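Source: prediction; values computed, not measured.
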Amino acid sequence: MVKTVHVVPHTHWDREWFFTTSRAQIYLLKDLKDVINNLENNVGFNHFILDGQASLIADYLKWRPQDLKKVQNLVKNKKLIIGPWYTQTDQFLPSGENIVRNLLYGMKICSKLGGYMNIGYVPDSFGQESSMPQIYKGLGIDKAVLWRGFPNYEATHSEFIWKGEDGSRINVYRMACGYFIGGLIDENNLDKIMTSEPFASVVKQATTDQILFPQGSDMAPARNNLPQVID
């Protein structure tokens, strides 16, 4: 069966703990400025997912308010994809109220900028709490994309329906090998990607012929030559 591979450029951003505050600010400013430039000027670089966190773009605009119109235009045209969270949450340590307000604040900020990704996107939350389908459905979200929390022995395939403790159901896509596998693209060995690990496991665990290949990693900048690599 021929597979359709969806290469999705993104970054995963640990906002607080990975760097000092000043270093994190410099990296975020540089990386998001490059993302905006790619989306506006790099032919073939059409979309970028900003890790599901409104806090990143809020921080950026606090430091570079002159880019507000650019950001609004990119968000409205679904090129820069933001939200729905304010920041990536742990689902077990904070209260349910904290999780709900995290989503509400993120949605409010993103709505002012042009809209939010209406998906429970949690690529690096350490576990999935059983009330999340209820929380998502209560806020109009019926799909989730995640990684941790559903190991292979509990979820043998990437696509499944998650039934929460109150009976709420949402459609889930579980990243079989994490959100960073696209960072492994080597344009000199593209013919081997489909049959070598970790990509072979991604294909094996898929229930359809549509394959997700997230292209990004922790605090990773945009890959400027991605359109050429795809070609």
Starting from the C-alpha separation in whole Å, work towards a yes-or-no answer on salt bridge (charged side-chain N to carboxylate O under 4.0 Å, His left out) for D124 and R148.
CA-CA 6 Å; D124 204 28; R148 303 182 193 272; 2.6 Å; yes
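- Nearest approach of D90 to S125, heavy atoms of both residues: CA-OG, 4.1 Å.
- Once rounded to the nearest 0.5 Å, the distance linking OG of S130 with CZ of F92 reads 7.5 Å.
- Judged by distance alone, with hydrogens and angles left aside, the side-chain atoms of D51 form no donor-acceptor pair with the main-chain N or O of Q53 at under 3.5 Å.
- More than 12 heavy-atom neighbours from other residues, nucleotides or ligands sit within 6.0 angstrom of NZ on K79.
- Of the N and O atoms on the side chains of S131 and E129, at least one donor lies less than 3.5 Å from an acceptor on the other residue.
- At least one donor-acceptor pair under 3.5 Å links the side chain of H47 to the backbone N or O of K78.
- Between P198 and C177, the shortest heavy-atom distance links the atoms O-SG, 3.6 Å.
- Using a 3.5 Å distance cut-off with no hydrogens or angles, the side chains of Q128 and Q91 do pair a donor with an acceptor.
- Side-chain contact check for M132 versus I135: some heavy-atom pair is nearer than 4.5 Å.
- Summarising the local packing, NZ of K62 is surrounded by more than 12 heavy atoms from other residues, nucleotides or ligands at distances under 6.0 Å.
- We find the OG-CH2 distance between S55 and W85 to be 12.0 Å, quoted to the nearest 0.5 Å.
- A donor-acceptor contact shorter than 3.5 Å links the side chain of N38 to the backbone of D34.
- I99 and I109 end up in different hydrophobic clusters when Ile, Leu, Val, Met, Phe, Trp and Tyr side chains are linked at under 4.5 Å.
- Looking at S201 and Q205, their side chains never bring a donor and an acceptor atom within 3.5 Å of each other.
- The aromatic rings of Y179 and H12 are tilted relative to each other, their planes meeting at an angle between 30° and 60°.
- In terms of modelled atom types and a separation under 3.5 Å, the side chain of S217 and the main chain of F180 share no donor-acceptor contact.
- Taking both residues in full, the closest heavy atoms of G52 and I49 are given as N-CG2, 4.4 Å, listed atom of the first, atom of the second, then distance.
- Here the side chains of I141 and I170 are not in contact, with every heavy-atom distance at 4.5 Å or above.
- Counting only distance, with no hydrogens or angles, the side chain of N42 and the backbone of N224 share a donor-acceptor pair below 3.5 Å.
- V8 and L146 fall into different hydrophobic clusters, where Ile, Leu, Val, Met, Phe, Trp and Tyr are joined by side-chain heavy atoms under 4.5 Å apart, directly or via other members.
- Contact annotation: the side chain of D67 approaches that of Y60 to within less than 4.5 Å [non-hydrogen atoms, C-beta and beyond].
- Considering only heavy atoms from C-beta on, L113 comes within 4.5 Å of L61 through its side chain.
- Residues Y116 and N118 are in side-chain contact: their nearest non-hydrogen atoms beyond the backbone lie under 4.5 Å apart.
- Side-chain contact between I211 and F199 is present, with at least one heavy-atom pair separated by less than 4.5 Å.
- Atom CH2 in W147 sits 11.0 Å away from atom CZ in R174 (nearest 0.5 Å).
- Both L226 and L74 belong to a single network of hydrophobic side chains, linked directly or stepwise wherever heavy atoms of I, L, V, M, F, W or Y lie under 4.5 Å apart.
- The structure places CD of Q88 at 7.5 Å from OH of Y121, a figure rounded to the nearest 0.5 Å.
- Taking every heavy atom of both residues into account, V75 and G114 meet most closely at CG1-C, 3.6 Å.
- Atom OG of S158 sits about 13.0 Å away from atom CD of Q210, to the nearest 0.5 Å.
- Side chains of F48 and T11 form a contact here, defined as non-hydrogen atoms less than 4.5 Å apart.
- Cluster annotation: M117 is not connected to L103 through the hydrophobic network of ILVMFWY side chains, with a link wherever side-chain heavy atoms come within less than 4.5 Å.
- Taken from CZ in R101 to NZ in K108, the straight-line distance is 10.5 Å, to the nearest 0.5 Å.
- Side-chain contact check for P84 versus I119: every heavy-atom pair is 4.5 Å or farther apart.
- Between the Q134 side chain and the D166 main chain, no donor and acceptor come within less than 3.5 Å of each other.
- If you chain together hydrophobic residues whose side chains sit under 4.5 Å apart, L139 and V145 never meet in one group.
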